[in-house]
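Report on the structure given below.
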Amino acid sequence: MNLLDNLNPEQLAAVTLPSQSALILAGAGSGKTRVLTTRIAWLIQTGQVSPAGIMAVTFTNKAAKEMLTRLSSMLPVNTRGMWIGTFHGLCNRLLRTHHRDAALPQTFQILDSQDQLSMIKRMLKALNVDDEKYPAKDLMYFINNAKDRGQRAGDVEAYDHVQKRMAELYDVYDQQCQREGVVDFAELLLRAYELLQRNHPLRQHYQMRFRHILVDEFQDTNDLQYNLLKLLAGHGEQRGGALFAVGDDDQSIYAFRGANVGNMQAFERDFEVKNLIKLEQNYRSHGNILDSANHLISNNAKRLGKNLRTDAGLGEPVRIYEASSDLEEAQWIIDEAKSLMAEGVSKSEIAVLYRSNAQSRVIEHALFAAGLPYTVYGGLRYFQRAEVKHAIAYLQLMDNPHNDSAFLRVVNFPTRGIGARSIEQLQMAAESYRVSLYAAVPYMTGKAGTALGNFVKLIESARFETQQLPLPEMVRVVLERSTLLAHYGNEKEGQERIENLQQMVGAATQFVQEEGFGTHAPAHLGPQAAAASGTAIVDGDGIDVLDADAPLATVMSPLSAFLAHASLEAGDAQAQAGQEAIQLMTVHSAKGLEFDAVFITGLEEGLFPHESSAREMDGVDEERRLMYVAITRARRRLYMSFTQQRMLHGQTRFNMKSRFFDELPEHALKWLTPRVQTNWFAGRKSTTAWDDATFREGGSDNHIAKQIAQKSTSGNGTGWRIGESVSHARFGEGVIVNIEGGAGSARAQINFGAAGMKVLDLSVAKLERIGR
DNA sequence: CGGGGCGTGGTTTTT
DNA sequence: CCACGCCCCG
């Protein structure tokens with residue numbers, strides 16, 4: 001049976017585990033996705049489960065798609081019967097199917113983060129809440145956090161009056177969402193969780209159905225996601241399928257958005273996991289790279305424990321470069337990239353990684369000046385573009401007119417004489433009648449009433465005209481009727497926007513085909529769908545509607561599905577110019593990717609590890625995991641760099657090199673610049689002394705910049721230079737951040753890291769030069 | 001209603 | 001430094 005060919009013993013063991021809960025600790029590059037997909041294929045091929053008995057959960061659409069693609073190449077099986085998708089995608093499906101039980105309209109719509117924020121702003125304004133004291137962003141964070149922990153407004157423990165008020169506002173927000181028939185991302189999961197918890201027959205149904213639940217990137221799950229999985233897997237209820245969790249605690253880098261690595265240990269304990277398999281054979285990187293990763297991550301406490309190994313040789317050493325400035329660092333990257341290309345490494349196999357997006361500019365500039373093509377990851381996604389969101393808003397109103405966010409977005413766009421004044425009146429009317437803006441329009445009188453009434457008529461007639469049309473046609477008509485195309489046609493720079501809008505017809509066509517709606521599916525639901533929706537299965541009439549071949553189509557209209565798709569899958573980032581380009585991205589977005597050659601840049605205290613990580617619990621550990629992720633992206637060549645001087649937020653900063661250099665194995669490294677010894681962090685677990693480690697030189701103005709330039713070129717007659725690394729008998733090692741006075745009476749300000757910032761008289765202090 | 005001017009704040013990101 | 005939000009003016 002060729003399915004299992006070429007698996008190593010651990011992979012084979014994982015793939016063929018009995019139907020019990022299992023935890024697979026899958027190191028970077030250990031064939032994690034392969035194990036997941038092969039297990040699904042094996043379970044089906046050996047007849048242990050039907051496709052409908054499989055649920056596989058991922059975090060990103062990309063991962064879900066990848067899984068589906070690989071699976072269909074392994075198995076001649078219709079993958080539609082399986083529930084493979086993101087947490088949010090699967091919850092969406094569940095809630096559409098049981099929308100009545102979940103107390104949602106079938107056409108409920110999903111707010112993206114942008115919509116959620118604007119809705120909260122609107123609410124705060126309407127309630128006359130002091131936005132200094134309760135910023136919309138804070139409240140949004142508060143609400144999402146509570147939901148991610150599974151808490152409703154009433155469950156939140158408020159310790160002070162601010163929290164108490166926020167909890168009240170959370171409640172108002174939820175009510176408003178309910179009125180509008182919209183849910184935010186976190187709500188999607190919380191609703192699904194509450195639905196299953198409340199409805200026993202329904203829960204039992206799904207517990208019996210999904211014999212195997214497989215979870216990817218388990219270390220990234222938040223509490224709510226874990227609880228949802230527990231519910232589905234029938235934890236504590238003696239039924240339900242086996243939970244197969246794949247993850248890597250060392251690659252947990254999303255604590256800041258609620259991910260809880262502790263879920264891995266919790267899972268082991270809660271499910272009494274007997275099958276723990278470690279995939280430690282790495283198929284990606286050469287030895288020196290892997291040694292570096294292993295050595296670094298061993299500095300973290302609280303690990304499940306894992307050491308990657310490779311059959312590949314040591315390969316090349318990890319190259320380390322100390323640049324004098326961010327500009328020079330960028331230049332060095334270009335020189336190295338050019339020589340890599342001369343060696344035959346393709347541009348798209350070269351990645352430049354950085355901790356924060358702000359670092360990309362200097363590198364982009366240098367690449368541009370050098371005429372090297374490059375791609376920056378993480379731009380605006382297709383469905384987030386303003387013009388596309390406008391078109392979507394029209395469609396949203398046609399499907400659910402009570403979506404106030406959509407209403408406000410386009411009620412006067414393109415302009416139709418409905419000003420702020422009219423909107424305000426409408427909002428007051430809606431407030432007093434406790435209805436949506438759309439529903440409040442009939443209460444409006446006078447000129448404003450007429451204009452608003454015409455807008456309503458536009459939406460209604462567009463709906464009426466298109467209800468028998470296939471989705472792509474519907475989109476085409478809406479683009480015309482909304483006059484969006486005409487509007488952008490009159491704009492100077494409108495051509496690109498028009499193209500984006502027209503792409504939506506194509507996106508709809510593709511969606512309809514891929515999701516199995518059939519191009520001629522009517523917008524309204526057929527009789528089969530009517531039977532399928534609601535609570536048919538709990539009536540026990542023997543119909544398992546969820547095994548239908550195209551569940552999405554039986555449960556929601558093409559339009560509703562397309563709108564959900566637009567919210568849940570923001571689409572590709574900006575059309576990347578040319579495939580053959582050097583790849584620029586943050587370390588976070590590099591997770592899951594691999595390249596022949598990788599540059600990890602800006603390895604300086606305060607940047608990487610980032611200064612704000614010191615404030616958070618286990619923050620530096622998370623930064624270290626981030627560094628671990630960065631290192632393990634490289635196949636053959638790995639470069640690391642740091643600078644003595646960097647421009648950030650309009651200020652020149654002098655940072656010490658990252659403590660992570662002290663955590664790498666000497667034998668695997670090659671210092672391209674003279675070695676600077678710093679070990680003031682050695683043996684220290686963490687520090688809160690960030691201000692000691694980072695010195696900001698105020699100097700956006702040229703005069704000061706020149707001074708610094710002069711001082712840092714040894715042209716000051718002291719023999720010392722700003723940015724230079726020195727060693728002191730008592731204070732240890734540090735970096736000169738400023739020099740004052742002339743030769744003979746000069747004093748230097750030196751950042752001794754943990755020992756603090758000192759000003760020393762250069763004629764008295766015994767300083768030793770380190771490195772160059 | 002749109003644009004220019006001013007003020008502020010500025011990890012990481014997916015859904 | 002620079003991007004974004006807000007406010008005021010034409």
Side-chain angles (χ1 to χ4, degrees), chain A residues 57-64 85-92 110-118 121 131 135-137 144 147-148 183-190 192 217 220-222 224-225 252-259 326 353-362 365 377-379 381 383-384 412-423 491 564-571 573 585-592 602 606-616 619 622-623 625-627 629-630 646-653 690 696 698-702 705:
Chain A
V57 199
T58 63
F59 278 87
T60 64
N61 292 297
K62 197 176 160 198
T86 63
F87 275 103
H88 294 84
L90 297 180
C91 287
N92 175 50
I110 302 161
L111 297 179
D112 65 20
S113 321
Q114 215 184 0
D115 296 334
Q116 189 189 14
L117 184 66
S118 68
K121 278 183 182 163
D131 56 355
K137 278 205 172 123
N144 289 340
K147 289 189 180 183
D148 285 346
V183 297
D184 58 55
F185 286 128
E187 181 73 20
L188 226 33
L189 303 195
L190 185 52
E217 306 279 17
D220 290 339
T221 51
N222 64 31
L224 180 55
Q225 286 159 343
S252 160
I253 56 172
Y254 285 115
F256 71 91
R257 64 176 200 210
D326 45 354
L353 310 185
Y354 34 81
R355 174 68 238 268
S356 70
N357 287 304
Q359 288 164 253
S360 76
R361 293 184 84 260
V362 174
H365 263 269
Y377 270 59
R381 320 274 286 282
F383 282 111
Q384 293 175 338
N412 198 37
F413 192 94
T415 48
R416 45 178 73 88
I418 299 173
R421 189 87 195 92
S422 309
I423 300 294
E491 243 181 34
H565 166 82
S567 301
L568 293 176
E569 190 163 0
M585 66 192 83
T586 63
V587 180
H588 279 94
S589 33
K591 192 178 163 209
L607 244 196
F608 200 180
H610 197 276
E611 54 195 350
S612 47
S613 71
R615 278 181 245 121
E616 284 143 35
E622 175 131 330
E623 295 288 304
R625 290 191 289 270
L626 198 51
M627 180 68 184
V629 167
R646 174 181 299 278
M647 193 67 143
L648 197 68
H649 305 324
Q651 290 175 313
T652 306
R653 291 166 52 128
W690 282 103
R696 296 182 174 97
S700 50
D701 98 48
N702 245 346

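Letters A, B, ... are given to chains in the order of the sequence lines, protein chains preceding strands, and every chain is numbered from 1.
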Would you kindly give the [atom1]-to-[atom2] distance between [X] and [N], to the nearest whole Å?
| X | N | atom1 | atom2 | result |
| --- | --- | --- | --- | --- |
| Y377(A) | dT13(B) | OH | C1' | 15 Å |
| D148(A) | dT13(B) | CG | C1' | 13 Å |
| Q225(A) | dT15(B) | CD | C1' | 9 Å |
| F59(A) | dT13(B) | CZ | P | 16 Å |
| K137(A) | dG9(B) | NZ | P | 11 Å |
| H649(A) | dG7(B) | NE2 | C1' | 16 Å |
| Q114(A) | dT15(B) | CD | C1' | 14 Å |
| F383(A) | dT14(B) | CZ | P | 16 Å |

Would you classify [X] as touching base, sugar-phosphate or nothing, given that sugar-phosphate means primed atoms plus P, OP1 and OP2, and contacts are heavy atoms under 4.0 Å?
| X | value |
| --- | --- |
| A420(A) | sugar-phosphate |
| E187(A) | nothing |
| N357(A) | sugar-phosphate |
| I418(A) | sugar-phosphate |

Checklist entry - Which comes earlier along DNA chain B counting from the 5' end, the contact point of F87(A) or that of F413(A), where each point is its nearest nucleotide? => result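 The residue whose closest nucleotide sits nearer the 5' end is F413(A).
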Checklist entry - DNA chain B: R416(A) or S589(A), which has the more 5' nearest nucleotide? => result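 Nearer the 5' end of the strand: R416(A).
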Item to check | Nearest-angstrom distance, P atom, dG5(C) to dT12(B) | outcome: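 The answer is 16 Å between these two P atoms.
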Next on the checklist: When the C1' atoms of dA3(C) and dT14(B) are compared, how many Å lie between them, rounded to an integer?
Outcome noted: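 To the nearest whole Å, 23 Å.
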If you compare every side-chain N and O of [X] against the phosphate oxygens of [N] (OP1, OP2), does one of them come in below 4.0 Å?
| X | N | answer |
| --- | --- | --- |
| T86(A) | dT15(B) | no |
| R381(A) | dT15(B) | yes |
| R257(A) | dT12(B) | no |
| N61(A) | dT15(B) | yes |
| S612(A) | dT12(B) | no |

Checklist entry - What is the glycosidic conformation of dT12(B): syn, defined as within 90° of 0, or anti? => result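 Here the answer is anti: the torsion falls beyond 90° from 0.
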Item to check | Donor-acceptor pair (no angle test) under 3.5 Å: T60(A) side chain, dT15(B) base | outcome: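 Between dT15(B) and T60(A), which were checked side chain against base, a qualifying N/O pair under 3.5 Å is absent.
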Item to check | Residues which pass side-chain contact (heavy atoms from CB on, under 4.5 Å) with P414(A), listed by chain and number, not counting sequence neighbours | outcome: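 Testing P414(A) for side-chain contact (heavy atoms from CB on, under 4.5 Å), a comparison that skips the adjacent residues, returns Y394(A), R416(A), T483(A), L484(A), H487(A).
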Among [options], the nucleotide that comes nearest once only the side chain of [X] is considered:
| X | options | result |
| --- | --- | --- |
| F185(A) | dT12(B), dT15(B), dC6(C) | dT15(B) |
| R355(A) | dC2(C), dG2(B), dT11(B) | dT11(B) |
| F256(A) | dT15(B), dT12(B), dT11(B) | dT12(B) |

Checklist entry - Step by step, would you call E616(A) with S613(A) a side-chain hydrogen bond (donor to acceptor under 3.5 Å, both in side chains)? => result CA-CA 5 Å; E616(A) 284 143 35; S613(A) 71; over 6 Å; no
Item to check | Interatomic distance, I110(A) atom CD1 to L188(A) atom CG [nearest 0.5 angstrom] | outcome: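 Output value for this atom pair is 5.0 Å.
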Next on the checklist: Between dT11(B) and H610(A), is there a base-stacking contact, meaning the centre of the base's six-membered ring lies under 5.5 Å from the residue's ring centre while the planes stay under 30° apart?
Outcome noted: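 Yes, H610(A) stacks on the base of dT11(B), since the ring centres sit under 5.5 Å apart and the planes are within 30°.
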Checklist entry - Taking 4.0 angstrom as the limit, do D112(A) and R381(A) come out as a salt bridge? => result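 Salt bridge: no.
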Next on the checklist: Test side-chain contact (heavy atoms from CB on, under 4.5 Å) on E217(A) and Y254(A); report intermediate values, then the result.
Outcome noted: CA-CA 11 Å; E217(A) 306 279 17; Y254(A) 285 115; over 6 Å; no
Next on the checklist: Between S612(A) and H610(A), do the side chains contain a donor N or O and an acceptor N or O under 3.5 Å apart?
Outcome noted: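 Their side chains do contain a donor-acceptor pair, which is all the 3.5 Å distance test asks for.
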Checklist entry - Is a side-chain donor or acceptor of H588(A) paired with a backbone partner of I253(A) at a separation under 3.5 angstrom? => result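 Yes, the answer is positive, given that a donor and an acceptor are paired below the 3.5 Å cut-off.
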